[in-house]
Structures are given as C-alpha cells and as structure tokens.
Asks: 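Please see the structure below; I have some questions.
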Amino acid sequence: MGTEGERAPSPTTPPAWPAPSSLLLLLLLLLPPPPLPPSPPSQVSGWQTLKRNAVLRGCYLPCKRKQSIQTPKMLTRKIKLWDINAHITCRLCNGYLIDATTVTECLHTFCRSCLVKYLEENNTCPTCRIVIHQSHPLQYIGHDRTMQDIVYKLVPGLQEAEMRKQRDFYHKLGMEVPGDIKGETCSAKQHLDSHRNGETKADESTNKETSEEKQEEDNDYHRSDEQVSICLECNSSKLRGLKRKWIRCSAQATVLHLKKFIAKKLNLSSFNELDILCNEEILGKDHTLKFVVVTRWRFKKAPLLLHYRPKMDLL
C-alpha cells in the first residue's frame with residue numbers, strides 16, 4: 001500500500017546497476033597497476049656508455065627519441081694567445097722564442113743567443129737550476145725545430161719580422177745575407193700572401209709544384225743554405241788523413257754528418273768509433289756547424305778547423 005501518486009515497484013523489475021564501462025573504470029582505479037617488465041640492464045648500460053663516449057669524443061649518434069647529441073662547448077672553445085704565452089716565451093729575455101734551443105737534461109727551452117750567452121758564465125738551467133754539465137754545458141743543448149715552428153705558426157708576423165731584422169743586420173755590416181735567411185724570408189712572404197689572397201686554384205698549385213720539383217732537380221740539395229768551410233785534420237796516428245780535407249757544406253749539417261762522412265771515407269765499421277774536436281773540445285753529435293762556428297770559432301777566420309781521432313772512453 002502506498003500513498004496516492006506513488007507507484008509501487010514491480011517485483012519483476014530488475015535493480016538499477018551501473019553501466020559496464022563505468023564498472024571497469026572503477027576496477028582499474030582500485031586495483032594497483034601491474035609491474036612493468038624490467039628492461040635488460042646490459043642494453044641500458046651499454047647504450048648509456050655509448051652515448052657518454054660519443055659526447056666525450058664530440059660525435060653524433062642516432063638516439064631512440066630522434067634527438068642528436070650535441071658537442072660540448074668546452075671542446076670547441078677558442079684559446080687566446082696570451083693564455084699560452086708562458087709556454088712559448090724565453091725566460092731570459094721575456095720575448096717569443098727565436099731559434100729555440102732546448103736543454104737535454106731538463107727539456108727547458110730558450111732563445112739560442114740568450115742561452116749561449118747565459119752558459120758562458122753558468123752551468124745550470126736558468127729555470128730549474130739543474131746542473132747541465134760541470135765543464136761543457138754547451139754540448140748538452142740542441143736546436144728545437146718543432147718548437148720554433150709552433151711559435152712561428154701561433155704568433156702572426158713573427159717569422160717575417162725576425163727575417164727582416166736579420167737581413168737588415170747583415171746589410172748594416174756590409175755582409176752578404178746567408179742563403180737560409182733568404183729562403184726563409186721568401187717562404188714567409190709566400191705563406192702570408194697565400195693567406196691574404198685566399199686559396200689559389202688547383203691548376204696554379206699543380207704548376208707551382210711541378211716548377212719547384214724541376215728546380216730541386218736542377219739544383220743541388222742545400223746549396224741555398226748558409227755555407228761553412230771546414231778543414232778536417234787527423235789528430236791520431238791510428239787513423240790516416242783524408243785526401244781531400246777541405247770541405248764546404250751547409251751550416252745546418254751536424255757533427256754526426258761529419259762522423260758518417262769520415263767513417264765512409266776511411267772505411268770504418270761504425271761512425272761511433274770517432275770523436276770530432278774543436279779547440280781540443282769534443283763536440284756533441286747533434287751540434288750544427290753554425291752552432292760550432294758561433295760558440296767555438298768566434299772572431300776567427302775561415303776555415304773552421306776540426307780534428308778527428310778514435311773515440312776515447314773517459315772514466
């Protein structure tokens with residue numbers, strides 16, 4: 001029995017249930033999410049290692065998300081010249097290295113003229129104060145051509161200015177300019193002109209190379225260098241003298257070249273069996289003839305007098 005206006009529910013009418021889609025949504029919200037399948041650690045670590053190596057090497061690798069790995073800025077940053085001035089300057093004159101010379105004991109580098117002048121009264125390195133040699137420190141220094149080339153490439157205009165100063169110095173004294181200074185001056189001018197005018201055409205470069213090869217074939221090697229006249233005298237009765245003891249060769253030749261020349265002429269088994277002396281002092285094998293003339297034959301007339309003898313083991 002109900003009041004008027006209300007309708008009693010029919011026993012055959014089913015109760016109202018939520019829709020299937022809403023029921024599924026409730027189940028999904030109440031249940032915990034299923035665990036994700038673990039990824040193999042070897043693949044993840046390998047990929048991360050590959051990406052890290054690519055970043056360190058500045059390479060680009062395809063990423064899983066199509067993202068490129070960019071090169072770090074620290075690998076492409078520019079270094080200013082004044083940041084490396086301490087490594088390409090001479091500590092004695094505080095200028096850029098000219099005719100760089102390295103001490104063989106500690107590998108410190110200085111200008112040749114500065115170091116030779118310093119070692120006339122000292123026998124220690126100007127930087128670390130290590131003893132180079134007790135009596136003959138000049139025999140334990142050598143020309144560092146690689147370091148000098150680096151300085152000339154880093155400092156713009158330095159090589160051209162130095163060659164011009166040397167050329168003016170010889171003109172002021174009324175002396176002939178050595179051949180090596182002429183050659184270096186011409187090469188420096190060509191190098192600067194090529195940078196100012198840009199790259200030349202391929203045909204012009206090939207023609208230039210062929211002409212230079214022809215000139216090298218026609219001319220003898222090192223004939224354009226500064227020449228040194230030498231007199232080789234035998235200083236021992238165990239060896240015979242040379243038939244032609246007067247030699248004129250490049251100033252860039254070393255004492256080692258002379259040892260090989262003498263050993264070949266005397267049919268010796270090894271050039272290491274010889275000692276070459278100047279003013280009764282044994283010369284180092286890496287000393288150039290120009291260095292020997294400047295340090296041991298200064299203010300003396302040509303030719304440079306050298307003596308050779310069998311090597312003596314000094315205790």
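Here the structure is a predicted model, which means the values were calculated and not measured.
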Asks: Looking at L158 and V151, what are the two nearest heavy atoms and their distance?
Replies: CD2-CG1, 3.6 Å
Asks: Roughly how far, to the nearest 0.5 Å, is SG of C125 from CG of L115?
Replies: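 Here the rounded value is 8.0 Å.
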Asks: Examine I150 and W82 and state if one hydrophobic cluster contains both, with Ile, Leu, Val, Met, Phe, Trp and Tyr joined whenever side-chain heavy atoms are less than 4.5 Å apart.
Replies: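 I150 does not cluster with W82.
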Asks: Checking T104 side chain against Y140 main chain: does a donor-acceptor pair fall under 3.5 Å?
Replies: yes
Asks: Quick one, L283 with V292, criterion side chain to side chain contact (heavy atoms under 4.5 Å, CB included). Give me CA distance, side-chain angles, the key distance, then yes/no.
Replies: CA-CA 8 Å; L283 300 178; V292 175; 4.1 Å; yes
Asks: Between V116 and F110, is there shared hydrophobic-cluster membership here, with clusters defined by ILVMFWY side-chain heavy atoms closer than 4.5 Å?
Replies: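 Yes: a chain of side-chain contacts under 4.5 Å links V116 to F110.
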Asks: Under a single-linkage definition using a 4.5 Å side-chain heavy-atom cutoff for Ile, Leu, Val, Met, Phe, Trp and Tyr, are L256 and L258 assigned to the same hydrophobic cluster?
Replies: no
Asks: Using the side chain to side chain contact (heavy atoms under 4.5 Å, CB included) rule, take I230 and L305 through it: C-alpha gap first, then chi angles, then the decisive distance, then the call.
Replies: CA-CA 6 Å; I230 307 172; L305 181 59; over 6 Å; no
Asks: Checking side chain to side chain contact (heavy atoms under 4.5 Å, CB included) between L154 and each of N85, D149, I84, which is the one that passes?
Replies: I84
Asks: Identify the two heavy atoms, one from A100 and one from T109, that lie closest to each other, and give their separation to 0.1 Å.
Replies: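 Between these two residues, the closest heavy atoms are CB-CG2, 3.8 Å.
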Asks: Will you find, in the side chains of T254 and T288, an N or O donor that is under 3.5 Å from an N or O acceptor?
Replies: no
Asks: Would you indicate whether the side-chain heavy atoms of L119 and I141 approach each other to under 4.5 Å?
Replies: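 When only atoms from C-beta onward are counted, L119 and I141 do touch, with a gap below 4.5 Å.
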Asks: Could you tell me whether the side chain of H257 and the main chain of Q252 form a donor-acceptor pair under 3.5 Å?
Replies: no
Asks: Could you pull out the closest heavy-atom pair between K311 and N272, with the gap in Å?
Replies: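 Looking at all heavy atoms of both residues, the shortest contact is CD-O, 3.1 Å.
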Asks: Calculate, to the nearest 0.5 Å, the distance between atoms OG and CG belonging to S236 and L274 respectively.
Replies: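 Interatomic distance, S236 OG to L274 CG, rounded to 0.5 Å: 10.5 Å.
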Asks: Determine, using the 4.5 Å side-chain heavy-atom cutoff (strictly less than), whether L173 and Y170 are members of one ILVMFWY cluster.
Replies: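 Same hydrophobic cluster.
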Asks: Quick one: NZ on K290 to CD on Q227, what's the gap to the nearest 0.5 Å?
Replies: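 Spacing of NZ (K290) from CD (Q227) equals 12.5 Å.
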Asks: Does a side chain donor of either H143 or D99 reach within less than 3.5 Å of an acceptor in the other side chain?
Replies: yes
Asks: Which residue, R240, K245, R309, forms the salt bridge (Lys or Arg N to Asp or Glu O under 4.0 Å) with E233?
Replies: K245
Asks: Step by step, would you call R296 with L304 a side chain to side chain contact (heavy atoms under 4.5 Å, CB included)?
Replies: CA-CA 9 Å; R296 291 169 176 81; L304 172 64; over 6 Å; no
Asks: First locate atom NE2 of H133, then atom CG of L138, and finally report the distance between them rounded to the nearest 0.5 Å.
Replies: 11.0 Å
Asks: Strictly distance-based, threshold 3.5 Å: is any side-chain N or O of Q139 a donor or acceptor partner for the main-chain N or O of I282?
Replies: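 Here the side-chain-to-backbone pair exists.
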Asks: Test your reading of the model: is there a side-chain donor-acceptor pair from W297 to the backbone of K301, 3.5 Å cut-off?
Replies: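 Such a contact is found between W297 side chain and K301 backbone.
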Asks: Please examine the side chains of F291 and R112, heavy atoms only from C-beta on, and report whether any two atoms are closer than 4.5 Å.
Replies: yes
Asks: Is E105 close to V131 at the side-chain level, that is, under 4.5 Å between some pair of heavy atoms?
Replies: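 They are not in contact (no side-chain heavy atoms under 4.5 Å apart), so the answer is no.
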Asks: Is it the case that the side chain of Q148 and the backbone of L97 share a donor-acceptor pair, with hydrogens and angles ignored and the cut-off at 3.5 Å?
Replies: yes
Asks: Can you see whether F271 has K260 sitting over its ring - NZ or CZ less than 6.0 Å from the centre and within 45° of the normal?
Replies: yes
Asks: For residues L306 and C278, report the shortest heavy-atom separation together with the two atoms involved.
Replies: CD2-CB, 3.6 Å
Asks: Between R298 (side chain) and V294 (backbone), is there a donor-acceptor pair under 3.5 Å?
Replies: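 It does hold such a pair.
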Asks: Is any side-chain heavy atom of I132 less than 4.5 Å from a side-chain heavy atom of T124?
Replies: no
Asks: So, do L232 and I247 sit near enough that their side-chain heavy atoms are less than 4.5 Å apart?
Replies: yes
Asks: Are the side chains of C90 and Y96 in touch, meaning some heavy atoms are under 4.5 Å apart?
Replies: no
Asks: For the side chain of D83 and the backbone of I79, is there at least one donor-acceptor N/O pair under 3.5 Å apart?
Replies: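 No.
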Asks: Give, for atom CD of E273 and atom CG of L268, the distance between the pair rounded to the nearest 0.5 Å.
Replies: 6.0 Å
Asks: Answer yes or no: is there a side-chain heavy-atom contact under 4.5 Å between K238 and P310?
Replies: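 Yes. Closest side-chain heavy atoms under 4.5 Å.
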Asks: Can you check side chain to side chain contact (heavy atoms under 4.5 Å, CB included) on I276 and H307, steps first, answer last?
Replies: CA-CA 6 Å; I276 297 182; H307 293 86; over 6 Å; no
Asks: Which heavy atom in C234 sits nearest to a heavy atom in L239, and how many Å separate them?
Replies: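 Distance-wise, the nearest heavy atoms are SG-O, 3.3 Å.
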Asks: Minimum heavy-atom separation for C249 to L289, with atom names?
Replies: SG-CD1, 3.3 Å
Asks: With side chains defined as the heavy atoms from C-beta onward, is the minimum distance between N235 and Y308 less than 4.5 Å?
Replies: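 Answer no - side chains too far apart.
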Asks: Would you indicate whether E120, at its atom CD, is surrounded by more than 12 heavy atoms from other residues, nucleotides or ligands within a distance under 6.0 Å?
Replies: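 Yes - once you tally the heavy atoms of other residues, nucleotides and ligands closer than 6.0 Å, there are more than 12.
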Asks: Do L92 and I98 sit in one hydrophobic cluster, given that two such residues count as connected whenever their side-chain heavy atoms are within less than 4.5 Å of each other, even indirectly?
Replies: no
Asks: Atom CD in E162, atom CD in Q166: separation rounded to 0.5 Å?
Replies: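 These two atoms lie 5.0 Å from each other.
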